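Data first, discussion second: the structure below is written as structure tokens.
All figures in this text were calculated on a predicted structure; none of them were measured in a lab. Note that ligands are numbered from 1 as they come in the structure, with each ligand's atoms numbered from 1 the same way.
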Amino acid sequence: MSDFAELKLEGKTYQLPIVVGSENEKAIDIRKLRAETNYVTLDSGYGNTGACKSEITFIDGEKGILRYRGYPIEQLAEKSTFVETAYLLMNSKLPNQVELNDFREMLTRHSLIHEDMLHFYDGYPSTAHPMAILSSMVCSLSSYYPEWLDPHDNAQVAQLMPRVLSKIRTIAAYSYKKSIGQPVIYPKNSLDYCANFLYMMFAVPSEPYEVDEEMVKTLNMLLILHADHEQNCSTSTVRMVGSSDANLFASIAAGILALWGPKHGGANQEVMEMLEEINRNGGDVKKAIAMAKDKNSGFRLMGFGHRVYKNYDPRAKVIKKACDQILAKMNRKDPLLEIAKRLEEAALSDPYFVDRKLYPNVDFYSGVIYRAMGIPTPMFTVMFALGRLPGWLAQWMEMHRDGEGRIDRPRQIYTGESERIYVPMNQRT
Ligand code: SDX
């Protein structure tokens, strides 16, 4: 295979270097294209554009493969914990016991937020969406670390990572408590990451609360499956904001807001609302499928389709299987799970979906488990953000390490008016 691609433009031939990744993905390096040809490329939605090289996560969309630092997510979901997977993503290796204990200790020691931040919650209406609260609280955290905002001070960044990972969990649980008018529950140092979150979410001051071990295991699995996904919309946002040398808090707060969108992480809330709507209307999945195929309906089958996966999202496979296991252990049946399964069956036998390679994605079944755990629908995307945080942190660090220090600044092709002269008011129509 040649090391170059040849481009013929206006009678000239240019050689553009070929880049080949460790899993044999190929790219044409166009970094010198404009300087040499005065042309740029155009790729709305960046479906054909690699923004960076990365060593963190590998996805094969055609085969439905997802690996974090080379480890298949199926193995991590079964054998690892969220804290261990977060360490792997951020440090390129599975931790030994000392490293894991030290990391856990950092997360335990830095789980509280400044007491003054509790007053921030009083300003929000009880109906405020927890993603709005999460993003503004994470951004406001920067006010409490004014001396730690230099993205190039590696020692500071290393100290900040576990603090952000731990405090965002506290902020999320506090926003839930505030939304239901209950007192916030402070973290308990004797509990590990996921158990502590469940404790802060569901304990009340008036009686002891025993965290359910099955729920802890399930939450670990869910957060692991959401932990990173290469250059998705919110991760690209974190990288882009970080490329301006904005501090870590600002970059993560921006990522949270990008994730909130219903085309992205907000889809898990939309899926649940869609399933509830179908259930209210008698469970007629045929009508939903017909609407999803009708471009004029404005309805999409939420939790279906993906820019990269043109096969079953491997995360959805694990989550779907877990739905049955968890509900069986809880001795519960959820009509919404049955509706989701019937929707999947109908879609995957319909040419509209098959031809477009539309399969269930990570958001299609996750809400069924969150609901079974007692987590309210508006908190579903917050759960996605909690899971995705180590990925954002790892990608942000990699961007600063490898990014040649340049700000992300895409070009455009202008299609507006040519130059024209200013028109005084009395001559305007
Ligand atoms: C996440 O990028 C990531 O990695 C994201 C993520 C991560 O971990 O970070 O995996 C998490 O965001 C998962 C996706 C969650 N979003 C949803 O479930 C929302 C519903 N899905 C769609 O809106 C859509 O599939 C996207 C946004 C996920 C992908 O959009 P694309 O790649 O831009 O695809 P498209 O809109 O161009 O669709 C291609 C065709 C179109 O039809 P035609 O024009 O060819 O006739 O497929 C159709 C679309 O109308 N289509 C759907 C559909 N998704 C695509 N039709 C009905 N229902 C759907 N869900």
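- Electrostatic pairing of Glu277 and Arg280 counts as a salt bridge here, judged by a charged N lying under 4.0 Å from a carboxylate O.
- Interface of Asn232 with ligand 1, defined as ligand atoms under 4.0 Å from a residue heavy atom, comprises 2 (O), 3 (C), 4 (O), 5 (C), 9 (O).
- Counting only heavy atoms, the protein never gets under 4.0 Å from atom 39 (C) of ligand 1.
- The shortest separation from a heavy atom of Tyr352 to ligand 1 is under 4.0 Å, placing the residue in contact.
- Counting atoms of ligand 1 from 1 in the listed order, those under 4.0 Å from a heavy atom of Gly305 are 25 (O), 28 (C).
- Every atom of ligand 1 is numbered from 1 in the order shown, and the set under 4.0 Å from a heavy atom of Ala292 is 57 (C).
- At least one N or O atom of Phe304, backbone or side chain, sits closer than 3.5 Å to an N or O atom of ligand 1.
- The NE2 atom of His110 sits 10.0 Å away from the CG atom of Leu160 when rounded to the nearest 0.5 Å.
- For the ligand labelled ligand 1, residue Leu358 lies inside the 4.0 Å heavy-atom shell.
- Ile326 is linked by a side-chain contact (heavy atoms from CB on, under 4.5 Å) to Thr218, Ala322, Met330, Ile369, counting only residues two or more places apart in sequence or in another chain.
- Of the listed residues (Lys32, Arg31, Lys26), just one forms a salt bridge (Lys or Arg N to Asp or Glu O under 4.0 Å) with Asp29, and that residue is Arg31.
- For the ligand labelled ligand 1, residue Gly45 lies outside the 4.0 Å heavy-atom shell.
- Test Trp260, Tyr176, Tyr124 against His129 for ring pair (Phe, Tyr, Trp, His ring centres under 6.0 Å) and you get one pass: Trp260.
- Closer than 4.0 Å to atom 34 (O) of ligand 1 lies none of the heavy atoms of the protein.
- Relative to atom 3 (C) of ligand 1, the option among Lys310, His306, Arg307 with the closest non-hydrogen atom is His306.
- Contact analysis puts Arg315 in contact with ligand 1, with a non-hydrogen atom separation below 4.0 angstrom.
- By the 4.0 Å N-to-carboxylate-O rule, Glu74 lies too far from Lys321 to be salt-bridged with it.
- For atom 26 (C) of ligand 1, the nearest protein heavy atom lies 4.0 Å away or farther.
- Looking only at atom types and distance, the side chain of Thr57 has a donor-acceptor partner in the side chain of Asp228 under 3.5 Å away.
- Looking at Glu344 and Tyr312, their side chains do bring a donor and an acceptor atom within 3.5 Å of each other.
- Using a distance-only test at 3.5 Å, with no hydrogens or angles considered, no donor-acceptor pair links the side chain of Ser80 to the main chain of Ala77.
- Across His264, Met302, Met291, heavy-atom proximity to atom 1 (C) of ligand 1 is greatest for His264.
- With Glu270, Arg300, Lys357, Arg356 as candidates, the residue nearest to atom 36 (O) of ligand 1 on a non-hydrogen basis is Arg300.
- For Pro262, the closest heavy-atom approach to ligand 1 falls below 4.0 Å.
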